[in-house]
A.B. asks: 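Submitted below is the structure of interest, expressed as structure tokens.
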Amino acid sequence: MLDIKAVRRDPEGVAAALATRGFTFDVAHFKALDARRKQADVDSQNLLAERKSASKQIGQLVNQGVSVDDAKARVHATLESIAAQIDVLTEQARQVQGELQDLLLAVPNLPAPDVPSGAGENENAEVLRWGQPARFDFAVRDHVALGESLGLLDADTGSKIAGSRFTVMYGELARLQRALIQFMLDLHTREHGYREIYVPYIVNRESLRGTGQLPKFEEDLFRLHGEQGYYLIPTAEVPVTNVARERLFEADELGAQGIRYVCHTPCFRSEAGSYGRDTRGMIRQHQFEKVELVQLVRPAQSEAALEQLTGHAEKVLQLLDLPYRKVVLCTGDLGFGARKTYDLEVWLPGQDSYREISSCSSFGDYQARRMQARWRNPDTGKPELLHTLNGSGLAVGRTLVAILENGQRADGTVALPPVLSAYLGGVSTLDG
RNA sequence: GGUGAGGUGGCCGAGUGGUCGAAGGCGCACGCCUGGAAAGUGUGUAUACGGCAACGUAUCGAGGGUUCAAAUCCCUCCCUCACCGCCA
């Protein structure tokens, strides 16, 4: 959520910044609503103040021995006419406040100043390329062909059990997925200073509102039946970031570099609106595994933290020897709550292109304001909003795809990255 | 699922209808004391919104209700703890 004070101060500037990401902010509507809110506040508060002082006087009289009825009579008969008005006006004020709140909850974050402007993904800016895409002297196969011919991947059974966009994996491929998760968790906890955390895979509406999935993106989520308002998590970002919701951290709890959590979870996405996209294979599934990095930091640190966090995700690709490129998203391609985002795109020979495998974003205080995640700044002694960041480190399903396609050999077997050897009991090849 | 006890400020904890945003303590900040520290001691110390300010309003798990007036009484819900039942 944007800071309403900042919006008031410069609504036109906010609108201009939002326009760069393709969001239309109706300044006139905001101003009118805010003016109504203020008037409603003042009106209801005046009446409340009147009632309060009258009640106080009655209390004083009663304490002096005056009977309650006499005290009421003495203070004011008008109290009764006020009562009805108070109900009307406070309800009015509440309603306008709610409207303003709803408006603000639906406004995306402002892009960071250094984010390139652009309309969509075609205008994202490549920052770097790492590694050389291998040249194959045989007909390249995609991960589906490889996995199925090895008897390790089974889309038909997945769709029989659940439906389209579900997959079954067997044997060494299933094990490879487990190994990757283990490898990533170990790397981030041992080398990058993250604390492992285990969280619920089902969350409530408040958590989803905190990180920004609600109210706008309900259709992307799987909702559970029942009155609780439960949803399956679309990413570990939701439960892990919400650890900080409605919390006030002391400076020493944050440590020198803020709080860093690494978390493996399955992720569940409805993929509504992506009909026909990536229907083949494991690129776009309703259920996939991901290792997520989340940081809660002091505002002054968040810019550097995004660079570091992205580097932590890159390290995984480098150790797995997977060629990738790093892209900074332009204003038009930024996610709802993001202020700045790096996408890491891994080379997929089967698609002859780079495909997103990690998205690393900093949110500034946008999520923290929604969540009321704060820390006490020792310099001011006051609670201030934290900054939040997260990134995939990495999306495990897509890592599996990349390993299959980049490691393939002419005979249809797959060479596995040596760093995983210890996690695979010495297995270095997928051969079914 | 049943029964019982609870949910109050950064934390602990008083407060069962009136001048209570809330005693006291801890923590924290600034002073005094000290050669320096500890101990002791004094003062201050919630958040949000509105206002240049004085100040006003709201907030005692959430939502409704009673009342001139609710942290306090009533109803519903959520959560925590204890015991019982069931169970991976």
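By convention in this document, chain letters (A, B, ...) are assigned in the order of the sequence lines, proteins followed by strands, and residues within each chain are numbered from 1.
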A.B. asks: I need the CG-C1' distance between A:Leu48 and B:U67, as an integer number of Å.
C.D. replies: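 Value for this atom pair: 15 Å.
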A.B. asks: Across all strands shown, which nucleotide pairs with B:U66 by Watson-Crick or G-U wobble geometry, both distances under 3.5 Å?
C.D. replies: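 Result: none.
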A.B. asks: Say we look at B:G21 and B:U34: how far apart would their P atoms be, to the nearest angstrom?
C.D. replies: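 That atom pair is separated by 42 Å.
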A.B. asks: Between the side chains of A:Thr380 and A:Glu384, is a donor N or O closer than 3.5 angstrom to an acceptor N or O?
C.D. replies: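 On atom types as modelled, these side chains qualify, holding a pair under 3.5 Å.
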A.B. asks: Considering only side-chain heavy atoms of A:Val42, which listed nucleotide, B:G50, B:U47, B:C68, is closest?
C.D. replies: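 So the nucleotide nearest the side chain must be B:G50.
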A.B. asks: Is any side-chain N or O of A:Gln45 under 3.5 Å from a base N or O of B:G56, one able to act as donor and the other as acceptor?
C.D. replies: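 Yes.
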A.B. asks: For B:G36, which nucleotide in any strand shown is its Watson-Crick or wobble partner with both distances under 3.5 Å?
C.D. replies: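 Pair assignment: B:G36 / none.
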A.B. asks: With the side chain of A:Asp41 defined as its heavy atoms from C-beta on, choose the nearest nucleotide among B:U47, B:G18, B:C49.
C.D. replies: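 Selected nucleotide (nearest to the side chain): B:C49.
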A.B. asks: Using heavy-atom distances to pick each residue's nearest nucleotide on RNA chain B, tell me which of A:Gly381 and A:Arg8 is more 5'.
C.D. replies: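 Between the two, 5'-proximity favours A:Gly381.
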A.B. asks: So, taking the atom named OH in A:Tyr342 and the one named CG in A:Leu344, what distance separates them when rounded to the nearest 0.5 Å?
C.D. replies: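 Reported value, rounded in 0.5 Å steps: 10.5 Å.
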A.B. asks: Could you give the distance separating B:G61 and B:C78 at their C1' atoms, to the nearest angstrom?
C.D. replies: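 Roughly 8 Å separates the two C1' atoms.
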A.B. asks: To the nearest Å, how far apart are A:Tyr230 OH and B:C78 C1'?
C.D. replies: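 Taking atom C1' of B:C78 as the reference, OH of A:Tyr230 is at 10 Å.
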A.B. asks: Could you tell me if A:Ser274 and A:Arg284 have a donor-acceptor pair between their side chains, going purely by distance under 3.5 Å?
C.D. replies: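 No, A:Ser274 and A:Arg284 have no side-chain donor paired with an acceptor closer than 3.5 Å.
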A.B. asks: Expressed as a whole number of angstroms, how long is the span from A:Glu246:CD to B:G10:C1'?
C.D. replies: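 My rounded result for the distance is 15 Å.
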A.B. asks: Whole-Å distance between B:A48 P and A:Lys38 NZ?
C.D. replies: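 In whole Å, B:A48 P and A:Lys38 NZ are 18 Å from each other.
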A.B. asks: Could you measure between the two C1' atoms, the one in B:A14 and the one in B:G25, and give it in whole Å?
C.D. replies: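 Going atom to atom, C1' in each nucleotide, I get 11 Å.
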A.B. asks: Find the distance A:Glu384:CD to B:U47:P and express it as a whole number of Å.
C.D. replies: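 For the pair A:Glu384 CD and B:U47 P, the rounded distance is 11 Å.
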A.B. asks: Below the 4.0 Å mark, does B:U47 have OP1 or OP2 next to a side-chain nitrogen or oxygen of A:Lys382?
C.D. replies: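 Yes, such a contact exists.
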A.B. asks: Below the 4.0 Å mark, does B:G64 have OP1 or OP2 next to a side-chain nitrogen or oxygen of A:Arg94?
C.D. replies: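 For B:G64, OP1/OP2 do have a side-chain N/O of A:Arg94 under 4.0 Å.
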A.B. asks: Minimum heavy-atom separation for A:Val294 and A:Glu237, please, with both atom names.
C.D. replies: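 That would be CG2-CA, 4.4 Å.
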A.B. asks: Taking atom types as modelled and ignoring hydrogens, do the side chains of A:Asn204 and A:Tyr230 form a donor-acceptor contact shorter than 3.5 angstrom?
C.D. replies: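 No - no donor-acceptor pair under 3.5 Å links their side chains.
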A.B. asks: So does A:Lys56 get a side-chain nitrogen or oxygen closer than 4.0 Å to the phosphate oxygens (OP1/OP2) of B:C68?
C.D. replies: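 Negative; the distance criterion is not met.
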A.B. asks: Anything under 30° is parallel, anything over 60° is perpendicular, the rest tilted; go ahead and classify A:Tyr194 against A:His192.
C.D. replies: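 A:Tyr194 and A:His192: perpendicular rings.
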A.B. asks: Could you identify the nucleotide paired to B:G50, looking across every strand shown and requiring Watson-Crick or G-U wobble geometry with both distances under 3.5 Å?
C.D. replies: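 B:G50 is paired with B:C55.
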A.B. asks: Within the structure, does a side-chain N or O atom of A:Lys52 lie under 4.0 Å from either OP1 or OP2 of B:A58?
C.D. replies: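 For B:A58, OP1/OP2 do have a side-chain N/O of A:Lys52 under 4.0 Å.
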A.B. asks: Would you kindly compare A:Val62 and A:Glu91 by the position of their nearest RNA chain B nucleotide and give the one closer to the 5′ end?
C.D. replies: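 Whichever sits nearer the 5' end wins; that is A:Val62.
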A.B. asks: My understanding is that a pair needs two contacts under 3.5 Å, Watson-Crick or G-U wobble. By that rule, which nucleotide pairs with B:A82?
C.D. replies: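 Base partner found: B:U3.
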A.B. asks: Using Watson-Crick or G-U wobble geometry with both distances under 3.5 Å, which nucleotide pairs with B:G17?
C.D. replies: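 By the stated definition (distances under 3.5 Å), nothing pairs with B:G17.
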A.B. asks: Taking the C1' atom in each of B:U72 and B:U8, what is the distance between them to the nearest angstrom?
C.D. replies: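 That atom pair is separated by 11 Å.
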A.B. asks: Could you let me know what B:A23 is paired to, Watson-Crick or G-U wobble, both distances under 3.5 Å, or none if it's on its own?
C.D. replies: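 WC or wobble partner does not exist here.
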A.B. asks: Whole Å only: how far is the NZ atom of A:Lys5 from the C1' atom of B:G51?
C.D. replies: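 Spelled out: NZ on A:Lys5 to C1' on B:G51 is 13 Å.
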A.B. asks: B:A58 P sits how many Å from A:Arg37 CZ, rounded?
C.D. replies: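 Distance, rounded to whole Å: 16 Å.
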A.B. asks: Any base atoms under 4.0 Å from A:Arg247, or only sugar-phosphate, or nothing? Heavy atoms, all strands.
C.D. replies: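 No contact at all - A:Arg247 keeps every heavy atom at 4.0 Å or more from the nucleic acid.
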A.B. asks: Send over the distance from A:Trp375 CH2 to B:C28 P, rounded to a whole Å.
C.D. replies: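 Those two atoms, CH2 and P, are 18 Å apart.
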A.B. asks: Pick the P atom in B:C20 and in B:G56, then give their distance to the nearest Å.
C.D. replies: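 Here B:C20 and B:G56 have their P atoms 13 Å from each other.
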A.B. asks: Between the main-chain N or O of A:Asp220 and the side-chain N or O of A:Ser270, is there a donor-acceptor pair closer than 3.5 Å?
C.D. replies: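 Answer holds: yes.
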A.B. asks: Among the nucleotides B:U57, B:G50, B:A69, which one has an atom lying closest to any side-chain atom of A:Ala49?
C.D. replies: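 Among B:U57, B:G50, B:A69, the one nearest the side chain of A:Ala49 is B:U57.
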A.B. asks: Of the options B:A58, B:G18, B:G10, whose atoms approach the side-chain atoms of A:Ile58 most closely?
C.D. replies: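 Comparing B:A58, B:G18, B:G10 against the side chain of A:Ile58, the answer is B:G18.
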A.B. asks: What integer number of Å spans the C1' atoms of B:G44 and B:G10?
C.D. replies: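 Those two atoms are separated by 16 Å.
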A.B. asks: Under a 3.5 Å limit for both distances, which nucleotide forms a Watson-Crick or G-U wobble pair with B:A88, could you say?
C.D. replies: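 None - no nucleotide pairs with B:A88, as no candidate has both distances under 3.5 Å.
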A.B. asks: Please work out whether the ring planes of A:His286 and A:Phe222 are parallel, tilted or perpendicular, with thresholds of 30° and 60°.
C.D. replies: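 Perpendicular, since the angle between the ring planes exceeds 60°.
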A.B. asks: For the side chain of A:Ser55, starting at C-beta, report the closest nucleotide among B:C49, B:A69, B:U47.
C.D. replies: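 Nearest to the side-chain atoms of A:Ser55, counting from C-beta on, is B:A69.
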A.B. asks: Considering only atom C1', compute the distance from B:G40 to B:C33 and round it to an integer number of Å.
C.D. replies: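 Their C1' atoms lie roughly 8 Å apart.
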A.B. asks: Please check the phosphate of B:A58 (OP1 and OP2 only) for any side-chain N or O of A:Arg51 closer than 4.0 Å.
C.D. replies: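 For B:A58, neither OP1 nor OP2 has a side-chain N or O of A:Arg51 closer than 4.0 Å.
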A.B. asks: Which base, if any, makes a Watson-Crick or G-U wobble pair with B:C60, both distances under 3.5 Å?
C.D. replies: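 Checking every strand shown, B:C60 finds no partner, since no pair has both distances under 3.5 Å.
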A.B. asks: Can you check the distance between B:C11 and B:C84, where both ends of the measurement are the P atom (answer in whole Å)?
C.D. replies: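 Nearest-Å result for B:C11 against B:C84 at atom P: 32 Å.
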